[in-house]
Amino acid sequence: MVMTSDAHVRDLRYFLAVAEELHFTRAAERLYVSQPALSKQIRALERQLGTELFRRDRRGVCLTEAGSALLPHARRVLDAWTEGAAAVAAVRAARRGTLVVGMSTSPGRGGLLPAIRSRFTTAHPHVAVRLRQVGWDDPTAGLADGGADLAFVWLPLPGAHRYAWTVVAEEPRLAALPATHPLAARAELDFADLANEPFLALPPSAGVLREFWLATAERAGRAPRVGAEISGTEETYEALVAGLGVCLVAAGNAPLITLGGVVTRPVRGLSPSRYVLAWRREDGERALVRDYARAARDVVAAGARAGSADSWTASLRIATVEP
């Protein structure tokens, strides 16, 4: 068979989403496209390749033999494209003299960000540091799509093997709940007290990070009840006040949502959260990336030596990790 044209990256991205979800509606939601548009695109790809990639029946969706054969190659192409786009973004940023730092919420934590910026710009006075705010649907805060050179993110990271990081804070996970909730009267909670409550959840695209904040690992195999999905701090606060559910929050982020009508309580039986500055492994030797990471480590170490009470120095492990 001779193909008349090559598949587009978008076609492979659509194929991969359906292959991983084995559900057209969920794949469409993940891709932010309509289900009919996704189905049309998959059919067009199948016509182009001259074979069915998915078998669809009343029982669901499954890969055909041809689809299974294509899957590993599609993954490799998309990984290579992502790495290529990141390399281009890195060159573009270097040419502009700009370092892009992604984040989903402001690091806060006693002036951590200004302190890092101050140290970095002392060494690189002509480099502009641009902050890129990214929605909670992207747990890498711009690293995965090449839109950020470094990013302040929470562990666990999807595709962790692609990144290295330095830990800037290790904090307990607290329970956030409406002030009127019966559990709010307690000074401290066991996770068992919360296990049957409806939880606020990150978007499904957050993957392993969504599961972490739902405390899936601590539920002994029982699925969490999701009361609502949240994609930002304001949405979280509004959902809590409306009584749509409870959620877990890092101690350092508690001030962002403990406004009127919301309280936080310590929870026994939960592992701590880890907040890190991360970068793509292949960028680790880029001068600007390396020096910004070094500035972050120096600021955190200085805070720890000073015995600061700020949350980002509490229970801190200063380390650079390359999984």
Side-chain angles (χ1 to χ4, degrees), residues 1-57 60-96 98 100 102 104 132-149 151 153 157-163 202-210 231 279-283:
M1 180 190 70
V2 178
M3 297 183 194
T4 58
S5 61
D6 295 327
H8 296 288
V9 170
R10 181 188 62 182
D11 299 329
L12 295 180
R13 200 179 304 281
Y14 284 12
F15 164 74
L16 184 60
V18 178
E20 290 179 344
E21 298 290 344
L22 292 179
H23 194 286
F24 274 81
T25 301
R26 286 198 299 268
E29 290 172 351
R30 168 173 154 182
L31 294 164
Y32 299 102
V33 299
S34 69
Q35 190 270 329
L38 175 60
S39 296
K40 180 179 178 181
Q41 204 69 34
I42 293 295
R43 285 195 297 271
L45 179 61
E46 290 176 325
R47 285 196 300 272
Q48 181 180 341
L49 295 176
T51 186
E52 281 192 332
L53 300 173
F54 298 99
R55 186 169 295 108
R56 311 157 180 85
D57 57 34
V61 177
C62 65
L63 283 163
T64 63
E65 184 178 357
S68 297
L70 177 61
L71 182 57
H73 301 285
R75 284 198 173 111
R76 284 198 293 271
V77 169
L78 290 172
D79 285 345
W81 176 258
T82 298
E83 291 174 6
V88 171
V91 171
R92 189 175 66 247
R95 188 166 56 241
R96 292 196 311 260
T98 300
V100 181
S104 55
R132 182 189 178 205
Q133 197 78 22
V134 180
W136 290 2
D137 57 314
D138 177 8
T140 73
L143 291 179
D145 66 8
D149 300 300
V153 294
L157 272 172
H161 64 283
R162 296 185 56 206
Y163 309 105
L202 296 179
S205 58
V208 291
L209 191 62
R210 169 183 165 113
S231 57
W279 56 92
R280 290 175 294 275
R281 288 169 61 90
E282 64 267 23
D283 291 344

Do [X] and [Y] have side-chain heavy atoms sitting under 4.5 Å apart?
X: T140; Y: Y163; result: yes
X: P204; Y: R30; result: no
X: L157; Y: L209; result: no

Do any N or O atoms from the side chain of [X] and from the backbone of [Y] form a donor-acceptor pair under 3.5 angstrom?
X: S68; Y: L63; value: no
X: R55; Y: C62; value: no
X: Q133; Y: G102; value: no
X: D11; Y: H8; value: yes

Rounded to the nearest 0.5 Å, how far does [atom2] of [Y] lie from [atom1] of [X]?
X: D149; Y: W279; atom1: CG; atom2: CH2; result: 12.5 Å
X: Q41; Y: R10; atom1: CD; atom2: CZ; result: 4.0 Å
X: R162; Y: R280; atom1: CZ; atom2: CZ; result: 7.5 Å
X: L31; Y: S205; atom1: CG; atom2: OG; result: 10.5 Å
X: E46; Y: F15; atom1: CD; atom2: CZ; result: 9.0 Å
X: L45; Y: L12; atom1: CG; atom2: CG; result: 7.0 Å

Quick check on side chain to side chain contact (heavy atoms under 4.5 Å, CB included): which of L49, L16, T64, T51 does L70 satisfy it with?
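When L49, L16, T64, T51 are each tested with L70, the side chain to side chain contact (heavy atoms under 4.5 Å, CB included) holds only for L49.
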
What pairs meet the salt bridge (charged side-chain N to carboxylate O under 4.0 Å, His left out) rule with one or both residues in residues 61-82, with sequence neighbours excluded?
E20-R75

Could you walk me through whether S39 and Q35 pass the side chain to side chain donor-acceptor pair (under 3.5 Å) check?
CA-CA 6 Å; S39 296; Q35 190 270 329; 2.7 Å; yes

Would you call the rings of F24 and F54 parallel, tilted or perpendicular if under 30° counts as parallel and over 60° as perpendicular?
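Aromatic pair F24/F54 classed perpendicular.
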
Does Y14 have any ring-ring contact (aromatic ring centres under 6.0 Å, His included) partners at least two apart in sequence or in another chain, and if so, which?
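Expected list: none.
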
Evaluate the criterion side chain to side chain contact (heavy atoms under 4.5 Å, CB included) for residue pair I42 and R56; output intermediate values, then yes/no.
CA-CA 12 Å; I42 293 295; R56 311 157 180 85; 3.4 Å; yes

Are any of the side-chain nitrogens in D145 or R13 under 4.0 Å away from the carboxylate oxygens of its partner?
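Salt bridge between D145 and R13, a charged N being under 4.0 Å from a carboxylate O: no.
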
